[in-house]
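Remarks on the structure that follows.
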Protein chains: 2
Amino acid sequence: MQNDIEAQEPFTRSLISSARMWRRYLDLVFRDLELSQARWSVLFELSQNEEVTQVELARTLGIEAATLVRQLDGLEDAGLIERRPSATDRRAKTLHLTKAAYPLIEKMEEMSATSRTEILEGISQQDLRIATKVLSRITARLENLSSGEN
Amino acid sequence: MQNDIEAQEPFTRSLISSARMWRRYLDLVFRDLELSQARWSVLFELSQNEEVTQVELARTLGIEAATLVRQLDGLEDAGLIERRPSATDRRAKTLHLTKAAYPLIEKMEEMSATSRTEILEGISQQDLRIATKVLSRITARLENLSSGEN
DNA sequence: TGCTAATAGATGCAAGGCTAATTAGTGTGA
DNA sequence: TCACACTAATTAGCCTTGCATCTATTAGCA
């Protein structure tokens, strides 16, 4: 079934290092805006789906809730988001973008799309679709593995 | 040419988060050996290609030389590698595995292969090959972009 | 009802990554 | 040959992430 195990090793290396390099490149691109890739992804996710709680947001981002706390602290200090007490659960807080966030998000989305196109240039839509499918599957699998048998 | 730009966004997200999760999983798997994914990848690369200098190794790993320094410090403290002065350039040092490293590398390679198979289970060789190709291409592209236009 | 489990958010600490700056050594062009 | 630019390794300081732990609150069950 897995008779081509050798082919798997380069995959891991490419995955981890390309992700790191991509992140680094985005940090560079966003530098003038004083925001990192990490914070940008929080803002972007919120713009797609506001009013969520921190745990929910952390889950969709695939990071720990504790990690998110710091990003939110920074974004709140920068006046880009607000935490409001949840109406239904006094432990929880819901997250909201401020007015200041919208133009920034728009600009970052542009910059991010531009570099994406730049980086993915020359890769066929077909291949990209397959690669995306493979990566999603891996994410799902790792989610199971990490939580399941802990 | 890029008439399906929308399809690119999910790719970035999947890439960055699957890489993060994969790394986390490997850290967990290696925990008993007191080594992390980061250090393991240094050892593995050295086992493929010994006698290189730090800059060279950093380049093949896709990390900054400054980042590598700390990994090497740790590996040297653990008695797994040695830094020796280069014969041809007094600024440079060449890297070497110690005898203690080999059995450890073998064991880690096994563990790493096992989890790889586990994670990639159910993905066709064909798709995996395409995904690998896409990732390598991205790595190459990012290398150009980051160095080229500073 | 009242005790115990689980959950939401926050905090402390360590690892890994990056950039900027420092030190030592090479190389090159006038 | 000598001054200046470049390169190899290192250090310091910052950000992102993770795990472990804590507090407050909720929810489940006896």
Side-chain angles (χ1 to χ4, degrees), chain A residues 16-32 34-42 52-59 61-78 81-95 142 146-147 150, chain B residues 16-31 34-42 52-59 61-78 81 83-95 142 146-147 150:
Chain A
I16 294 183
S17 76
S18 61
R20 184 169 44 228
M21 292 169 78
W22 193 309
R23 162 191 274 292
R24 191 200 310 182
Y25 189 61
L26 280 187
D27 282 343
L28 184 74
V29 167
F30 290 149
R31 180 174 287 187
D32 291 340
E34 314 232 317
L35 272 175
S36 60
Q37 184 276 335
R39 293 198 180 169
W40 146 244
S41 71
V42 172
V52 293
T53 66
Q54 301 188 187
V55 199
E56 286 162 357
L57 181 55
R59 185 162 307 133
L61 288 171
I63 61 179
E64 297 294 314
T67 300
L68 181 59
V69 168
R70 273 82 171 214
Q71 301 303 344
L72 294 176
D73 290 346
L75 290 170
E76 205 170 27
D77 286 350
I81 64 147
E82 271 179 27
R83 289 189 248 222
R84 300 189 198 143
S86 158
T88 59
D89 185 338
R90 274 189 297 166
R91 290 168 305 177
K93 300 173 183 172
T94 57
L95 301 170
L142 281 167
S146 300
S147 66
N150 170 26
Chain B
I16 294 183
S17 75
S18 61
R20 185 170 43 228
M21 293 169 78
W22 193 310
R23 159 188 278 287
R24 193 199 315 181
Y25 189 62
L26 280 186
D27 282 343
L28 185 75
V29 167
F30 290 148
R31 181 174 284 188
E34 315 233 315
L35 273 175
S36 59
Q37 183 277 334
R39 293 198 179 169
W40 145 246
S41 71
V42 171
V52 293
T53 66
Q54 301 188 188
V55 200
E56 286 162 358
L57 181 56
R59 185 163 307 133
L61 288 172
I63 62 179
E64 296 296 314
T67 301
L68 181 58
V69 168
R70 249 190 272 149
Q71 301 304 340
L72 295 176
D73 288 347
L75 290 169
E76 206 170 27
D77 286 350
I81 64 148
R83 289 189 247 222
R84 300 188 199 144
S86 158
T88 58
D89 185 338
R90 274 189 297 164
R91 290 167 305 179
K93 300 174 184 172
T94 57
L95 301 169
L142 281 166
S146 300
S147 68
N150 171 29

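Not measured: the values here are computed from a predicted model.
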Base-pairing assignment for D:dC6 (Watson-Crick or G-U wobble, both under 3.5 Å): C:dG25

A:Asp27 (side chain) donor-acceptor with A:Ser36 (main chain) under 3.5 angstrom: no

Rounded interatomic separation in angstrom, taking CZ from B:Arg84 and C1' from D:dA8: 19 Å

Sugar-phosphate only, base, or nothing, as touched by A:Thr53 at under 4.0 Å among non-hydrogen atoms: sugar-phosphate

Atom pair distance, as rounded to whole Å: CD in B:Glu56 and P in D:dA8: 8 Å

Within 6.0 Å of CZ in B:Arg59, more than 12 heavy atoms from elsewhere: no

Presence of A:Arg90 side-chain N/O under 4.0 Å of D:dT26 phosphate oxygens OP1/OP2: yes

Spacing of B:Leu68 atom CG relative to D:dT10 atom P, expressed in whole Å: 9 Å

For atom CG of A:Asp89 and atom P of C:dG9, their distance in whole Å: 8 Å

Nucleotides 11-21 of chain C: protein proximity per nucleotide (B base, S sugar-phosphate only, - neither; heavy atom, under 4.0 Å): BBB--BBBBB-

Sole candidate of A:Leu61, A:Ile16, A:Ile63, A:Leu142 that passes side chain to side chain contact (heavy atoms under 4.5 Å, CB included) when paired with B:Arg20: A:Ile63

Watson-Crick or G-U wobble partner of C:dA5, both distances under 3.5 Å: none

Separation between CD of A:Glu82 and NZ of A:Lys93, rounded to the nearest 0.5 Å: 12.5 Å

In D:dA24, glycosidic geometry as syn within 90° of 0 or anti otherwise: anti

Whole-Å distance separating the NZ atom of A:Lys93 from the C1' atom of D:dT25: 13 Å

From CZ (A:Arg83) to OG1 (A:Thr94), nearest 0.5 Å: 11.5 Å

Main-chain N/O of B:Ala66 paired with B:Arg70 side-chain donor or acceptor, under 3.5 Å: no

Nearest-0.5 Å distance, CD of residue B:Gln71 to CD of residue B:Gln54: 12.0 Å

Earlier contact from the 5' end, DNA chain D, for B:Ile16 and B:Arg91: B:Arg91

For atom CG of B:Leu72 and atom P of D:dT11, their distance in whole Å: 12 Å

Integer-rounded Å distance: D:dC15 P and A:Phe30 CZ: 18 Å

